[in-house]
Structures are given as C-alpha cells and as structure tokens.
4 protein chains.
Amino acid sequence: MLDESAKGVFTIAATPFLPNGALDIESLDTMTDFYMEKGATGLTILGIMGEAGKLSAGENATVIERICARATVPVIVGVSAPGFAQIEATTEVAMAKGAAGVMVAPPSSLRTDAQITGYYRTLGERLGKTPWVIQDFPLVTDVQVDPKVILQIVEDNPACVMLKHEDWPGLEKIAALRAASDAGSRRISILCGNGGQFLLEEMIRGADGAMTGFAYPEMMRDVTTLMSAGDESAARDIFDAYLPLVRYESQPGLGLAIRKYILAKRGAIAHATVRAPGPKLSKAAIAEIETLIERQQQRLAAL
Amino acid sequence: MLDESAKGVFTIAATPFLPNGALDIESLDTMTDFYMEKGATGLTILGIMGEAGKLSAGENATVIERICARATVPVIVGVSAPGFAQIEATTEVAMAKGAAGVMVAPPSSLRTDAQITGYYRTLGERLGKTPWVIQDFPLVTDVQVDPKVILQIVEDNPACVMLKHEDWPGLEKIAALRAASDAGSRRISILCGNGGQFLLEEMIRGADGAMTGFAYPEMMRDVTTLMSAGDESAARDIFDAYLPLVRYESQPGLGLAIRKYILAKRGAIAHATVRAPGPKLSKAAIAEIETLIERQQQRLAAL
Amino acid sequence: MLDESAKGVFTIAATPFLPNGALDIESLDTMTDFYMEKGATGLTILGIMGEAGKLSAGENATVIERICARATVPVIVGVSAPGFAQIEATTEVAMAKGAAGVMVAPPSSLRTDAQITGYYRTLGERLGKTPWVIQDFPLVTDVQVDPKVILQIVEDNPACVMLKHEDWPGLEKIAALRAASDAGSRRISILCGNGGQFLLEEMIRGADGAMTGFAYPEMMRDVTTLMSAGDESAARDIFDAYLPLVRYESQPGLGLAIRKYILAKRGAIAHATVRAPGPKLSKAAIAEIETLIERQQQRLAAL
Amino acid sequence: MLDESAKGVFTIAATPFLPNGALDIESLDTMTDFYMEKGATGLTILGIMGEAGKLSAGENATVIERICARATVPVIVGVSAPGFAQIEATTEVAMAKGAAGVMVAPPSSLRTDAQITGYYRTLGERLGKTPWVIQDFPLVTDVQVDPKVILQIVEDNPACVMLKHEDWPGLEKIAALRAASDAGSRRISILCGNGGQFLLEEMIRGADGAMTGFAYPEMMRDVTTLMSAGDESAARDIFDAYLPLVRYESQPGLGLAIRKYILAKRGAIAHATVRAPGPKLSKAAIAEIETLIERQQQRLAAL
C-alpha cells in the first residue's frame, strides 16, 4: 500500500493501442517491464497522458489488471471522474486488482478554497482507508490550489499520502509545503510532473522524486538518485543532456504522440498509436525528434 | 428512427436517484410516463442535465434500456465522451435498445472551424447511418460554432438530422440557418434548449420546437403548439405565466436541483436527489420555488 | 461620500456615442437626468456595460466630470484596470471631480482565496480613505469569491463599504453575508446586478437594492421600494410585468445593444450606438423588442 | 516602415520601473542600447511582457517617444486594446513618434474563424496604410487561429506584414504558412516568441527569426544567424547552452520577474522592479538563476 514515504520515479504510463485503435494487451507487459528496467520505483496508470478518458470501463479494468499483475513496484491508478459513484467504482476495481493507491484531480468547476477542501473531504469519506494522491495540475484542470489548501486536505484526510505536483510554476509551492511539514504538519510525499522540465529545481526545493512520463525514465532515475546523493553537479549534467528532448516532448497536445513515438522506437510498446481524437506526427516532427535523440546520445556518451 | 422532420417537445430527461444515491429504476418509468403525458413528442436522455457524467457504464445501459422500453415516443441518447471509441460503444448500446438517434456535444478543446468540422466528420464516419444531433451549448462546452460551420457539418454528414440549439444568445443563428435552408441547403430540425427562456422568440425565428427539461413540459407543449397554429398572443400569455419559474430554474449549477425538486413534487420521480457532487436547496430556496409555483397556478387559472 | 447605508437603485449608466463613434456629450446630461427621474438613488458609471474598456483616458475623464457635475445623487466610478497605478490615477480623477466612491472587479488571473484577499488588501492600501465597492461578477471575471473571502475583505478594509453582487446564482451568498453581519461582522451595502433578473429574491434574502442598468429603472425603483415597504405581492406584480423584457435584455453580448436601443427610444440618449467592436441589432430583434415593450405597457396598465 | 522582409531578432522590450514603481526613463535608454548591442534587428515595445496594461496613456506615450528616439532599428508598438478607438489613438501616437508598425493581439472573446477575420478586417480599415503585425498567442489570449485564417487575414489586409508566432505547439503552423506562400499566397515575415524555447525548430520550419524577450538576446542573434548561414550544428550548440535558462525564464507568471532580474544584473536596466500586481523572486529562485547563469557561461566558454 502506498504511503507518505514514496519516492524516486513513478512513471506516468502510456496506454498502448494497436494501429486499429484497439487496446494492445501485449504491449502493456513490455511497457511495464521497460519502465521498471529503466528505473521506475512505481507506476501511475490511467492518468491524463494515459488517455484514460478515451477508454471504456471494461478496457480500464483490463489495463489495471494486466499492469498490476506484471508490476513488482507499487501501481497508482488515476480514477478522476465527474461523480463520486464512478470514482468509488473504479477504486474498488483497482484495489481488488492489487493497486497501491489511487489519484484524483479536482474537477474544473472547483474554484474557491472551500470548494476544493470540501470536494476532497467528501472524497476522503468515500475512499475510506484506500491511500490516495492529489493531482494538482492547473494547466489542464484550471483549478488553482493554494499551499494552505493542500495542507488542509492533508490534515482532513489521513489517507491522503501524496501530492502529484504539476503546478506551473510551482517551485515556491514545494518550498511552502516543506516549510509547513518542517514546522509540524504531516509530511506527505511530493512527486513532480510537467514532463520533468523542472525536476532539478524541484528536488532542490524538497520534492521526493518525479511522477511523469518522459520517454527516458532513466533521466528521472539518475537525476533523483544523484540529487538524493548530494551530487548536484552530476545531476545537472544528466538533466541538461536530456533537456532539449524534454522540452520538445513537453509541447501541449502534441506531447503524447512524441512520447509514444519514442516509446515505440525504444521497444517499450509495439505501436505509437494515439487513440482518436488525437494528434499525429508529421515527417518534419519525426526528423526533429530523431536529431534530438542522436545529439542526446552523443552528449550522454561524452559525460 | 430520428429524421429532419422532428418537432414539438423533446424533453431533456432527468436521471432519478434514490436518497442513497443509487439509480431509482422505478422512477425511470413514472418519469417517462409523466413527460409523455405532459406533451413530450420525444425524450432526450443522458445529457448534461441528466447527470450522464456521473453514471457508470452499466447504469447508463440500464437507463437507456428502461426508458426506451417504456417510451412510445422517439428517444435520443446523449453519447458525448472524450474518445470516439466510447461514443461508438454507447451508440451501439443505445441503438440496440431502441433509441431513435444519439446526440454529441463538441469537446471543449475544439476552437477553430476546421477543428469542429473535422471532429464531426470523423464522428459521422464512425456512426455510419445512425441519425445524430449536434449539441451546440457554448455556455457549458466553451465551443462557439459559426452558422457556416453547422451548415458544413450538415453538408458533410447525411446522418446529421438535428441541431440542439443552446447558443446564448442564439436567435440570429436560427435565422441564419433557416435563411440557408430556404436557399437550398438541407433543412434539419432545430430544437431549442436554455431552459425554455427564449422559446417564444426561437419559434418566431424558425425553430421546430424545444429540447429542454423545464419541469413543466406543458409550457413547451403549449407554446410550440400555439406558435405553430399562428396564435402568438395566446402563446405569449402562456409563456409569460411560466416565465418567473423558468427564470428561477435557469440558475446555473443550482438549476438541476430546482428542477428535480419540482419533478418530485409533481410525482414524476420519487426523490429530488442529485448525485454527488451536486447542489442542495436551502429552505429559503424551497420557499421561493413554492411561491413561484403558487403564483404560476393563479396566473394560468386566470388566462 | 459613499457609505454602508447606501440603498435603492444605483443605475449602471451606459456611455452614449454619436453615430460616428465619438462620445456624445449632450446625451451624458439627458441620460443622467433620465436615470434620476426614473428613480435612481445613485449612478455607477464606466463599468463593463459602460464600455469603459473602449474609452481613452481623456474620454474617461470627460464622462466622469460631466456626469458628476450633473448628478444630484452619489456617483460610483468603475476603475478596474490591470495595474494599481492606473486604478489609483483614475480614482484620483474621479474623487477630484466629485465621485462618491469607486468600484473594482478582481482581475481574472485571481483564483485562490489568498490571491483575492491579497489583491484587495493592496487595493485598500492604495486607495486609502476613498470608499470602494467590490464587484463580484464571476460570469465575466471568471473569479469566484467565497462569502468568507468577502467577509475577510470587509474586515481587512474599512473603506470597503459595498458589494456589487452579480454572482449567478448568488442568492445563498446574500443570505450567508447577512447571517454574518447579523452575527456581528461589519454590515456593508449589497446592491445586485444581473440585469435585475433575480431582484425580487435578492431583496427577500437581504439585499439593499439594485445596481444594474435595465432600461426601465422604474422597475428596480418600484420593486425595491415595495419590498422595503413589505408589499411583496405588489412587488411581484411589477416584477413579473417587466420580466419578459428583463430576460430579453439579459442576453450576453447582445444585451448592451438592446439596452441602448430602448434608452434611445425613451429619449434618455440620442443614439443607440455601441462602440466597435460591438453587436448590432437585426430588424427581427428590434421587432421582438417592440412587441415586448408593447405587451409590457399593457400589462403595467392593467395592474 | 516595417515590411514583409523583416527578419533576425525583434526583442520584446521590458518596461523599466524605479523601486517605487514609477517609470524609469533613463533605463529606457540603456535598455535600448543594450538590446541593439546584443543583436536586436528590431524592438517590440509595450507588449504583454512589457506590462503595457499597467501603464497610463501618458506613460505609454513616454515609452514610445523615448525608445523610438533612441533606437536605430525599427520599433513595433503593441497597441492591443478592447476598442478600436483606443487602438487607433495609440497607433497615431506611435507612428507620429517614429514607430515602424504596430502589433495587435485578438481580444479573447473571439472564437470562430469569421469572428477573427472580421475583427482584423475592421482593424485593417481603421489602420489604413500603417504596417501591422498579428500577435498569435493562444496561451494568453485563449484565441486559436487556424493557418487558413491567418492566410485570409493576409489576403484581406495588404498592411499586415508580419506574424508574431507564439502558438504552442506551433511548428506545423509555420510549415503550413510557408507551404502556402510557396504556393503563391503573399509571404509575410514570421518571427517567433515563446521565450525562444522552440527557436531552433522554428527556423527549420521556415521562420524568419525571433520576437521574444529572453534576457540574452545574443542567443537569438546567434541561433538565427547560424541557421540562416546553414550551420545547424553550431546553432544547436549555442541553443542547448542557453536552454536551461530559457526554460527557467519561461515559467508563466514568474518569467517577467526572472527576466528583469537578469536584465538588471547585466546592466540593461537599473532595477528589476515589476509593477504591482506582479510576482517577486524568492531567495531560492535567485540562487537558482545564479547557478544557471554560471553554468551557462562555462558551457558557452567551452564551445
């Protein structure tokens, strides 16, 4: 079961599809193996970049079951939905299949502090003892969550054990949360998203690791490991070597297609298919990715 | 099967719940009977005001099956979803259970004309011969659809037979679409939403009727019937008598709770429960509704 | 100077233009006279419906000077702007010309409670003793302000004397604020907007009056007066008689053109011109307005 | 006067303030000199990152006059405003003071293709022969402009000579526009923003240069020069060396404070002041910036 001590790299898992758009069951296995081999200390499945919104309930259950059966690291399942009834139902499936916890983003209708804390209080009552993660991703949810609100949620809900931090810019938020836990509030795990673009500074500010899906999880593994070991300079060398591609993959809308292209190229999944409606890469984009990968390899080799 | 000649009142059906939040199966029957008795020439189920987003796939299927079995008027099923795979799956269920057609709102990520027509072209390919309805509801979807874009969708997709018109303000859009069909473009059915607030002027501009869920469907029945019969003055008398309550029910967010309160009061459904997360009525709000109903009855009696 | 005791009808003033788009100075006078004659106990100028955003700083000053010189009731000046420097500069002009206070809406970038209270705290420091009004209009600003946040602003800022209430739906907010002032928090004036659509219930819940620009200020005068006198039934008769037009004028985007058409028809201003970019009324819309006015007069006559 | 042949680096100029928030006139001169010395082939002033919205009309005129008097490269003035009257007035001031052209972003109320082309058609009529630039910045304006719409605007308006490209992701848009001008549509200048994050790929796709305010304009100078000279490898080396700081400066909201901190550190402006309301840098952020600058210098030295 997930708890506040989680750290390292929880990879945001893609959902693989066959060229005809059907779920690619076999690639669920190869992808799970790939992530673990490249340094994942956990997996987060069926999030926004996992195209969860485009799956049927049955497909959802298949993905949960298959990945939980294969993974030897904790699996967090994204269960965000418009109603608590659905959230409860998916959580039940997930925990029955062996998930370590679930993740819930705030619905975009929430605005005020009271609306947000109220939402998570109801969630906490519904989920009981199942460990859960707040997904704080304003660029997509359009919900801005003050650090004090996060602290209130943590205080209200003992089962809230982690923040997926994806505010942007959000470095001061990490600092504020760590100052609060240093001063006595319950310390939860903070894992950071945003494609890894700010991972280096996030670690400096007190994050416990990364929760993002950049197609080279070894970047997040190396940066978090080196930072934890106090070798900031080596961490920066690694980070900078990957940064041109991190940046390219971070393009909104297009990013998932780029990520899947690389995952397929690396053998993690069989096909780069994004389920419709979704973007496709042009030849020019593919050429740009290939050049970035080539330079990345040269630079890593030169370290 | 639904076609371009549809008119009258397609009631936006609520989804009834028991006080504990479970689906209220029996009320599906009484509600269907109620709508038909009060003048519905069709039903639209599982739309935004039908809390479709809060139902599991299984509950969704139950609602479709039960209402299609009971209704003797055409049933349109809302099937909007983030991915085409889900839309196709729900459509298949709906048509197998006896629905007359489906309704699809544009995802809020769509902005440009090309994005919107492209989305509906793909939809049309996926849905084949199943008749479908464009739901044009910018206040909720944040997608603005130009009249020319609607005409392009109509031209591209022979199975698109109806517009659920809920732009706001949208009177000029109806006029533009009718001018275009008068000039030779295929004429589709236009049924109007917005809680009925503009039904009178919508009929003047060329709408074929209403598709909305105001808790007194007899208002929409009488107004559309009288307008079609050319008796605008009588239609206005009816409309004005209901307007204070139409207005009160049109409050965003709160509207569904108001509507369900009245439906329960009228015996259409057993309980006013809105599934969580959702609003609750205060005592003051209930008192206001009761006063409005009382005055409405006096005024109707005096006509 | 404006204080917490303000009540009645603060009309949201239009800004009149000549057909060529230039400011119509003479109509500023006739319009001011018209509003006072029809029952305004105050005027609010240069708000969103006053097209303030489309005026140059010089034109702004002209409008302030002319209306303050003419009006024998308190004048509130809308001074919302992206920066505090501009807010201060316009406030200085306004108070020098004889305004009673200023009104400030929150910038749409504000989301969390802390951001909103922080913004108004800085505002309060900048404005010093000048009385000011919070404009709470989420439909336009996209900022949602919790009742507790309003109470905090009131506590932080002695010069905050009024709330322009335009949340939607917002009846419970009025009730919550009145419960708080009954329990001891400083009681400020609450005047309500939204085109007057909910004025009746707003008065029941504890509002002190209206601050809106419906083209028949006598509606707001009569409803607020009758409600204050305890004659709810007569107030409802008046309200219901105007409601079909209130509703028509409340169409977003188009509403200002409708309002100016009626103001011009009634002789308050010389021309219905809306400054570009802005909507124009079709012949069909004008016909609809004329019909609504005619029926309104008949119904008022029959009371 | 600005024309379609513009290329290189049009720096988005900051607006310098004294610690008390007043305009810093002398820094306008030193900053202008700095930008030109570091490779600016043009300047763009009073844009979003120039805090134009926080200046009074008088301050605006001062900035225009001072910079136009000092600069020996073309100056583009941002004149976006809610109304055409203001746009015309500021344009008149700008061109009288010696500006080369003006830039206009679409108001965020625009959605459909017809609304956008209509807006720019009216703008073109108002501005006459003054050369102007479309600012396409969806992340801030929330307006998405299809490539076909840009081509229509170019066709409708001979005085439209440049696109400030800041769509995100927008590489395919550049490619589409260049394919269209290769096929015969009028070719306008395309200069790219987004803090320079995608400058390398933008040049590959056919951009003519950069229009952005990254605090090291020499990055944009070197990358655009090397790319134009066909030395992509050297361009990438430069780009990659600056990328960690480019990324850090690209944080929304905070970016301007970071940029001004560096400009002040480099002596371009006397103070890093951002006008209220605006962000301030924490000590931790400053330390992060200093580290990034130090590593950047080492890496550039090693090239």
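Chain identifiers are assigned alphabetically (A, B, ...) following the order of the sequence lines, protein sequences preceding nucleic acid strands; residue numbering begins at 1 within each chain.
Residue contact with chain A, scored on non-hydrogen atoms closer than 4.5 Å, is absent for Ala89(B). With a threshold of 4.5 angstrom between heavy atoms, Ile87(B) does not approach chain A through any atom at all.
Between Pro277(A) and Pro82(B), the closest heavy-atom pair is CD-O, 3.4 Å. Heavy atoms only, all atoms of each residue included: Lys54(A) and Gln86(B) are closest at CA-OE1, 3.3 Å.
Between the side chain of Glu51(B) and the backbone N or O of Gly83(A), no donor-acceptor pair lies under 3.5 Å.
Of the listed residues (Ser56(A), Ala85(A), Ala57(A)), the greatest number of heavy-atom pairs within a distance under 4.5 Å of chain B belongs to Ala85(A).
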